Protein chains: 2
Amino acid sequence: MIATSEDVARRAGVSRATVSQILNGRGQRFAVETRERVTQAASELEYQPSAAGRTLAKGSSDIVIAVIPYTTFGGNLQDIFQTATEELATRGLTLLLHLATDSTAPLDRVVTGMKPRAVISLTPFSRAELDLLKSRGVLAFDPQSASSKVRTDPNVDIGALQARYLVDRGYESLVFAHLQDARLDPFGEGREEGVRRVCTEHGLPEPMIIRLGIDPDDALAAIDSIKLPGAGVVCYNDDVATALLSAATIRGWKVPDEVGFIGMDHTPLSAVTLPPLSTVGYDQRAAAYNLITAALHGLGESVDDREPMDVKFALVPRGTA
Amino acid sequence: MIATSEDVARRAGVSRATVSQILNGRGQRFAVETRERVTQAASELEYQPSAAGRTLAKGSSDIVIAVIPYTTFGGNLQDIFQTATEELATRGLTLLLHLATDSTAPLDRVVTGMKPRAVISLTPFSRAELDLLKSRGVLAFDPQSASSKVRTDPNVDIGALQARYLVDRGYESLVFAHLQDARLDPFGEGREEGVRRVCTEHGLPEPMIIRLGIDPDDALAAIDSIKLPGAGVVCYNDDVATALLSAATIRGWKVPDEVGFIGMDHTPLSAVTLPPLSTVGYDQRAAAYNLITAALHGLGESVDDREPMDVKFALVPRGTA
DNA sequence: CTGAAAGCGCTTACAG
DNA sequence: CTGAAAGCGCTTACAG
């Protein structure tokens, strides 16, 4: 049914060794005529090498696993991985996605089972994941390893950036709004910490901490728990900000005069709230590009054609603060 | 570094054949004592069988590939695949995700390369995908194959459900709002068709068709292009509905009196718009559950403990129509 | 320039 | 109750 290298060899009248060499780019030393017969036969038979056979022979597969954190999987993440899939494909690598779970056991199964060439993630690996990957001898790449900087939590910077914006706008009493479900809020701690630091820096009182789900009742209760007017709310993401904005509007608070909000993510929907949301954008595409570049480099591929892109967080000042 | 079955065999003082049998559940006929030595040795060595070796020997891997369509990847999809990952893991199957691309070439690489036990998708496979999978001899499962019904496009039903709701509410002039980017709108055609049918049924004029991105200017232009007051807008999804609702509010139209909207997806954010969005919910979790059940059944696993769940589209009447 | 041979880690009849 | 042997599809020195 499915052609093997044996079939190709027979059809081309050569040995399997020859087929393997030629199809894997080590064919320079073969007669042009032979090369052509082989590639011809391969395409006629729609030959696709077996990943299993190849993996076994080489000790590692051509698979790269991207670990997807348990967090909002936005539409643009999809875009990003699609691009990554294509970029890796041109180097003969196959990208497959794996959903992160609480325990690292499934990751272990995947890693030792599939022997991927590398494991990548757009968000920093946890200590446990890093240890696992290391002990299994698998190359791991995350944003931290991609940016040659020291390992620091970028979430602290994000929280600080949001808070500083509010302070600059004159809000003197800050609030940090977490997303209720802790699993969905892997970055909340760092963000909150960033807000705290800014408060300290500016001699402001400690931020008030609230938590809510994306739900009207939650949002109303949260708004009612804040001392208004006068507060500036740093939100975990644009969804949280939208829910709170809506609740504040229902309660009749003037935005941004009596209460301010700043979101995070720069989602498409953040542009169509009333008023449109002030938020922070993060160039995921650039981050992904750099991650892939780092991974390719680490895998010994040439990356001369890939200039590193500048990744930064960009304030998007709009109507809510 | 990484233990092989050879290592386990040596440590347990048995042959590799024995290790294989015992670790794969065919150990009934072995001495209890032997079984224990083997499992003991395996766990001490943190043995994980090599997927490559096993795949080569068995002719098929323990991998199940889920094809993710190029469309909004909502947070709940994440939830669903996480659950599916776990359900499959208990049967020794590993779920990996593959992003659909325009061409089926990458899918082909994955399928013939990895020899997955099955390929599943929460949205119907395209003709091309189906053909490929069939020719490669891979089991394929999608919602259509899971629900024993004839292959019909559920999107037509969804569009019709939305339209009928608006008609029941008294809107006599319907509009269908597509999401601009065609790649993001794989279901638009079917939905539009559903709306058309309802108009015909009720002797109403043909629906007006508009297209917009999730963008304030697009939305304003779209609203301005509709004959108001009096129209009911069937929206591709909740995001489109939110953008239009916002534009209508800016223009001063009364919702739902002068213009009505119904979205689709029942996203968390749809509950916090002003007024909250009328929408249609789809029990993805149930659909996924049935899909997995069908896949397990097709793979010869026992599914006696898995009662099929009822999947339907549920209207969520709220404030916009 | 090309092929024979060994080996990657596993599973599966089969023999005992 | 257990093991020797063959084979899955490939790649990689090595020999010629």
Side-chain angles (χ1 to χ4, degrees), chain A residues 1-38 41-42 45-63 92 94 109 111-115 117 136-137, chain B residues 1-38 41-42 45-63 92 94 109 111-115 117 136-137:
Chain A
M1 177 106 219
I2 287 185
T4 70
S5 77
E6 174 87 59
D7 300 324
V8 177
R10 190 162 348 145
R11 187 182 194 99
V14 298
S15 73
R16 282 155 70 219
T18 300
V19 170
S20 176
Q21 311 260 56
I22 291 179
L23 260 27
N24 287 304
R26 256 181 303 287
Q28 317 79 297
R29 43 185 181 183
F30 286 86
V32 171
E33 212 267 319
T34 308
R35 271 190 274 178
E36 271 170 6
R37 278 216 313 282
V38 169
L45 294 170
E46 297 189 41
Y47 172 66
Q48 288 279 359
S50 148
R54 160 181 272 252
T55 300
L56 209 47
K58 305 189 51 155
S60 120
S61 71
D62 295 325
I63 291 176
T94 300
R109 281 177 46 116
V111 164
T112 44
M114 322 260 327
K115 307 233 187 307
R117 287 278 287 283
R136 295 306 193 179
Chain B
M1 176 105 219
I2 288 186
T4 70
S5 75
E6 175 86 57
D7 299 325
V8 176
R10 191 165 345 148
R11 189 184 194 98
V14 298
S15 73
R16 280 154 72 222
T18 300
V19 169
S20 176
Q21 312 260 54
I22 290 179
L23 260 27
N24 287 305
R26 255 182 303 287
Q28 316 80 300
R29 43 184 182 185
F30 287 86
V32 172
E33 212 267 322
T34 309
R35 272 190 273 177
E36 271 170 5
R37 277 216 313 281
V38 169
L45 294 171
E46 296 189 41
Y47 172 66
Q48 288 280 0
S50 148
R54 161 183 273 251
T55 300
L56 209 47
K58 305 189 51 155
S60 123
S61 70
D62 295 325
I63 291 177
T94 300
R109 281 177 46 116
V111 165
T112 45
M114 322 260 326
K115 307 229 187 306
R117 287 278 287 283
R136 295 306 194 179

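The model shown is predicted, which means the values in this text are computed figures rather than measured ones. Residue numbering restarts at 1 for every chain, and letters A, B, ... go by the order of the sequence lines.
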Can you give me the dot-bracket string for DNA chain C, 5' to 3', counting Watson-Crick and G-U wobble pairs with both distances under 3.5 Å, using [ ] for crossing pairs and | for partners on another strand?
|||.||||||||.|||
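Annotation: the span from A/Ser50 atom OG to B/Met114 atom CE amounts to 10.0 Å, rounded to 0.5 Å. Of the inter-residue distances, the one linking A/Arg54 atom CZ with A/Leu56 atom CG reads 12.5 Å to the nearest 0.5 angstrom.
A heavy-atom distance below 4.5 Å is found between the side chains of B/Arg136 and A/Glu46.
Remark: A/Ser60 pairs with A/Arg117 by the side chain to side chain contact (heavy atoms under 4.5 Å, CB included) rule, at least two apart or across chains.
Among all heavy-atom pairs drawn from A/Ala42 and A/Leu23, the shortest one is CB-CD2, 4.2 Å.
A donor-acceptor contact closer than 3.5 angstrom links the side chains of A/Arg109 and B/Thr94.
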Scan nucleotides 8-16 of chain C nucleotide by nucleotide, 5' to 3', and note B when protein non-hydrogen atoms come under 4.0 Å of the base, S if they reach only the sugar-phosphate, - if neither.
BBBBB----
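A donor-acceptor contact shorter than 3.5 Å is absent between the side chain of A/Ser61 and the backbone of A/Thr55.
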